[in-house]
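The structure appears right after this line, and notes come after that.
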Amino acid sequence: MTRKQKKMLWRIIITAAMLIALHFIPITGIMRLAAYLVVYAVIGSDILRKAGKGIVNGRPFDENFLMALATLGAFFLAVWTKSGDYVEGIAVMLFYQIGELFQSCAVGRSRRDISALMDIRPDYANIETDGRLEQVDPGEVAVGSVIVVQPGEKVPIDGVIVEGEASLNTSALTGESLPRDVKAGDGIVSGCIDMNGVLKIRTTREFGESTASKILDLVENAGSRKSRSEALISRFARVYTPAVCLAALALAIAVPLVRMACGAAANWPDWIYRALTFLVVSCPCALVISIPLSFFAGVGGASREGVLIKGSNYLEALSETKYVVFDKTGTLTQGVFEVTGVHHSALEDAKLLEYAALAECASSHPISKSLQKAYGGEIDRSRVSDIGEISGHGVTAVVDGHTVAAGNTKLMHRLGIEPIECRSAGTVIHMAIDGKYAGHIVISDVPKPHAAEAVAALKKCGVKKTVMLTGDAQRVADEVAAGLGVDEVRAELLPADKVAEVEKLLAAKGEKEKLAFVGDGINDAPVLTRADIGIAMGAMGSDAAIEAADVVLMDDDPKRIVKAIRISRKCIGIVKQNIVFSLIVKFGCLALVAAGLANMWAAIFADVGVMILAVLNAIRALRYKE
Ligand code: ADP
Ligand code: MG
């Protein structure tokens, strides 16, 4: 409990004790009223203050105003009818405060739960100076420094391992429980926990730009993008509160006047009491509190499963996903190519590969990385100049004074060169040197281990169509698609064609059906933004993709998409249950009160009860089971 919550608890206890004591002290008249007003002030002073502030700021119709008006009204009625029943106004305030306290504890707890689950915020970084380890603020570590991570410590900053090996626990980042083994030369992201070895890491990012900081930022700010349900509720409240106040006014004034006109007794106190009770019931706190809490819990629950959702609006969209469009390379396939052959080479095979690797030295495409790895030698960038990358085609560069082009058939045609077609399975990189065809390198990629399973699971959870878009050759695309069970394939697309294809699909689908595009951001960042939901690969994906995307899969496993959809559906389901449940109870109570069948006690019990149930229900969104 925080200090504020403890203080509240004390106020509640003192109020209850004073009420019991006053029950046994036989004071009457003005002294009795004064005594009860003191108790009222103990429990309700902050509500009165907030209500006053609301009026001053020109926004009077909030729950504080309703509570203040109703409880003060109850006092007024007790004085007017000389009943001396001052307990009611205080009790209503008391229960309201108990409800508020409960809710603030529940919200605080689930927020803490989420932060604990996302226990990735590093507190310090170790720097070795003169053989001694020194703990420093990770924000002060410059890019390129060497930091030391010891067994049991969190990796504070992204970097590359320069020395040591260890098993990493990545579960806070990816939801993956199996440890990952790393050694010198491997990249490492912040937020992982080193389980056994000492690692020396050369940092490649600043602390603020590192994975752990980015994720925490995302989760903490997810609430700022409001979903449709949330927007609906605030619109609803804007109409609802004044409407309720008008209805209460009608009950208090119009009904007695009409009765008088008809010759019946006006019965003012009775109708004013009903109107005040009406105000107590009308307060929509269960909705106002539980809906944002459900979304917050949903985003938190998803992040525990390795899926980062950037706002509650995407949670809502995800739950309506009916079309899933995939990029091929790096999304459904691993994006790690092996060279399987070099054909029709005009030079020695190794020399051709060397030219290819050098020409590719500046590209971040998975193909380029794979060619550089296959070449294996040192890349001397001073041998390369005039590099140009044409997305969806390939690269051109000048290597050792020769113009080199490496890419697909489209690139060759663009340069006016006729390539020799290749019949081997795999992606073909055609090469041209000094404007003449120089052979091709065949590379092949393998599907990710869970890709086929993910496509099947998507179908099973109600996705109507899965589509694969790729810039690769039709033959390769068909082969991959058939192996994975994807419904449709479009191949040989340029980045702009991918946008066009997605736009076609968007135009053909229904209003309530959402389309998700899953990509790694290389040659597809525009599509990520264009789709209803852009899902990016977090580990392999480019920074641009993670920036452009709405949802990020921490470990690049396509199966997480299914999880994300399931979590979002559960969360939206909870929101709907809460809306329906609290509105039914609310309107039921309002009717009972207007009919004179419920008093203020019953009203506040129903109100606090509904709120507690709604909050407990909302917290369920945090837990996800297969
Ligand atoms: P995908 O849609 O499968 O992710 P891309 O749109 O990234 O594929 O690339 C499409 C095609 O363009 C590749 O299959 C390759 O033939 C060619 N290409 C793109 N970038 C490069 C590059 N850096 N080097 C060689 N070829 C490239
Ligand atoms: Mg790609």
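Counting starts at 1 for both ligands and their atoms, in listed order. Side chains are part of it too, since the values below use all heavy atoms of this structure and drop only hydrogens, waters and symmetry mates.
A salt bridge (Lys or Arg N to Asp or Glu O under 4.0 Å) with Asp555 is found for one member of Arg560, Lys448, Arg180, Lys563 and no other, namely Arg560.
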- Item | Audit row: Ile441, Leu371, side-chain contact (heavy atoms from CB on, under 4.5 Å) steps and yes/no | CA-CA 9 Å; Ile441 303 170; Leu371 287 175; 4.2 Å; yes

- Please report the C-alpha distance between Lys322 and Lys514 in whole Å, then the side-chain angles of each, then the deciding distance to 0.1 Å, and finally whether the side-chain contact (heavy atoms from CB on, under 4.5 Å) criterion is met. CA-CA 6 Å; Lys322 284 283 178 288; Lys514 293 284 186 297; over 6 Å; no

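Ligand 1 has at least one atom lying under 4.0 Å from a heavy atom of Lys498.
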Using a 3.5 Å cut-off and no angle test, enumerate the donor-acceptor pairs between side-chain atoms of residues 417-432 and protein atoms at least two apart in sequence or in another chain.
from	atom 1	to	atom 2	distance (Å)
Thr427	OG1	Asp472	OD2	2.6
His430	ND1	Tyr437	OH	2.6

Tabulate below the donor-acceptor pairs under 3.5 Å that side-chain atoms of residues 352-364 make, not counting sequence neighbours, or state none.
from	atom 1	to	atom 2	distance (Å)
Glu354	OE2	Arg383	NH1	3.0
Glu354	OE2	Arg383	NH2	2.7
Ser363	OG	His365	N	3.0
Ser363	OG	Glu389	OE1	3.2
Ser363	OG	Glu389	OE2	3.2

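Under 4.0 angstrom from ligand 1, the non-hydrogen atoms of Asp327 all belong to its side chain. With a 4.0 Å cut-off on non-hydrogen atoms, Ile367 touches ligand 1 through its side chain and not its backbone. Of all the heavy atoms of Pro495, none lies under 4.0 Å from any atom of ligand 1, so neither backbone nor side chain is involved. Only the backbone of His393 comes within 4.0 Å of ligand 1, counting heavy atoms alone; no side-chain atom from C-beta on gets that close.
Taking the charged nitrogens against the carboxylate oxygens, Lys504 and Asp497 have no contact shorter than 4.0 Å, which rules out a salt bridge.
For ligand 1, the atoms closer than 4.0 angstrom to any heavy atom of Asp472 are 10 (C), 14 (O). Numbered from 1 in the order shown, with element, the atoms of ligand 1 that lie under 4.0 Å from a heavy atom of Ala406 read 25 (C). For ligand 1, the atoms closer than 4.0 angstrom to any heavy atom of Glu389 are 23 (N). Ligand-side atoms of ligand 1 in range of His365: 5 (P), 7 (O), 9 (O), 19 (C), 20 (N), 23 (N), range being under 4.0 angstrom from any heavy atom.
At a 3.5 angstrom cut-off on N or O pairs, Leu493 does not count as close to ligand 1. Looking at ligand 1, you won't find any N or O of Ser368 less than 3.5 Å from one of its N or O atoms. Of the polar atoms of Gly392, at least one N or O is found under 3.5 Å from an N or O of ligand 1, judged by distance alone.
In this structure the side chain of Asp532 reaches within 4.5 angstrom of the side chain of Leu506, judged on heavy atoms. The shortest side-chain heavy-atom distance between Lys328 and Leu469 does not fall under the 4.5 Å cut-off. Contact of the Val551 side chain with the Leu318 side chain is registered, since non-hydrogen atoms from C-beta on lie closer than 4.5 Å.
The residue from Met431, Met468, Glu360 that puts a heavy atom closest to atom 25 (C) of ligand 1 is Glu360.
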